[in-house]
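Have a look at the structure below before the remarks.
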Amino acid sequence: MKRSLLNLVLATIVLSGLGWLGYRAEAQPRVEPKQSSGVRKFMRKKLAITQDILEGLATEDFNLIGSAAKQLKSMSEHADFMVSKEAMYRQHAEDFERIAGKLEKAAGELKLEGSALQYVNLTMNCIECHKYVRDVLVAGKAVPTDAELLAGLATLK
Ligand code: HEC
């Protein structure tokens, strides 16, 4: 009797331990961020500058939009940005630079709608590159085939 009680207690401890492990496994993010804090800081700065663009659009401050776009453009070749040499990553980084350039130009020409359009393009570019980084570079899913890459490139303007 005493023995079976002890077994029950042990089993409970083991099971709750397993449950806790399971919970821990679920609480972990699916993809661990791999980058150093320097890279993360750099990326956060990118976010803050992008928010300046939204502020500039909302207040029709073309100087703010233009200088933010210029800063983003200059960041695109920084080592903290070029964390991967994969062709598709480079493609996203080149798009980033190109769109930031278009945004700077639109702001210089005081075009509100044109600037807003490039802001949307830029946001899509952030999302696409992050998706690529999560799915392919971090999670190690299969790198897209040439055909998929070409199809993807064809959709870019
Ligand atoms: C060419 C690819 C690329 C583009 C384009 C890009 N990023 Fe990133 N971004 C990265 C990489 C790589 C990381 C780091 C991912 C990791 O931690 O594993 C990152 C991470 C981030 C993070 C998270 C930093 C943290 O605290 O972990 C933010 C915020 C961010 N980027 C903002 C932006 C914004 C805003 C844009 C668009 C204006 C943008 N990024 C465009 C590659 C890109």
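Just follow the structure's listing: the first ligand is 1, and inside any ligand the first atom is 1.
Considering backbone and side-chain N/O of H92, none are found under 3.5 Å from N/O of ligand 1.
The shortest side-chain heavy-atom distance between T50 and Y119 falls under the 4.5 Å cut-off. Between M43 and F81 there is a side-chain heavy-atom pair separated by less than 4.5 Å.
Counted by atom type alone, Q118 and N121 present one or more donor-acceptor pairs between their side chains at under 3.5 Å.
Taking each of R90, R40, M43 in turn, the one with a heavy atom nearest to atom 21 (C) of ligand 1 proves to be M43. Within the set L122, V83, N125, I99, the minimum heavy-atom distance to atom 12 (C) of ligand 1 is found for V83.
Shown in contact with L47 at under 4.0 Å from a heavy atom are these atoms of ligand 1, numbered in order with element: 29 (C), 35 (C). The distance from ligand 1 to the heavy atoms of F96 drops below 4.0 Å at these ligand atoms: 5 (C), 37 (C), 38 (C). Listed by number with element, the atoms of ligand 1 under 4.0 angstrom from any heavy atom of T50 are 35 (C), 38 (C). Per-residue contacts place A93 under 4.0 angstrom from the following atoms of ligand 1 (heavy atoms of the residue considered): 1 (C).
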**Request:** Go through the steps for I53 and L72 under the test side chain to side chain contact (heavy atoms under 4.5 Å, CB included), then give the verdict.
**Result:** CA-CA 10 Å; I53 298 172; L72 286 182; 3.7 Å; yes
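When atom types are taken as modelled, the side chain of D52 and the backbone of I65 share no donor-acceptor pair closer than 3.5 angstrom.
Among the backbone and side-chain atoms of K46, an N/O/S atom is found under 2.8 Å from atom 8 (Fe) of ligand 1.
The minimum heavy-atom distance linking L122 with I99 is given by the pair N-CG2, 3.7 Å. In this structure, S84 and Y89 approach most closely via the heavy-atom pair O-CD2, 3.5 Å.
For H130, the N, O or S atom closest to atom 8 (Fe) of ligand 1 goes by the atom name NE2.
The shortest separation from a heavy atom of F81 to ligand 1 is under 4.0 Å, placing the residue in contact. In this structure, V39 falls outside the shell of residues with a heavy atom less than 4.0 angstrom from ligand 1.
Comment: E86 does not engage R90 in a salt bridge, judged by the lack of any side-chain N to carboxylate O separation of less than 4.0 angstrom.
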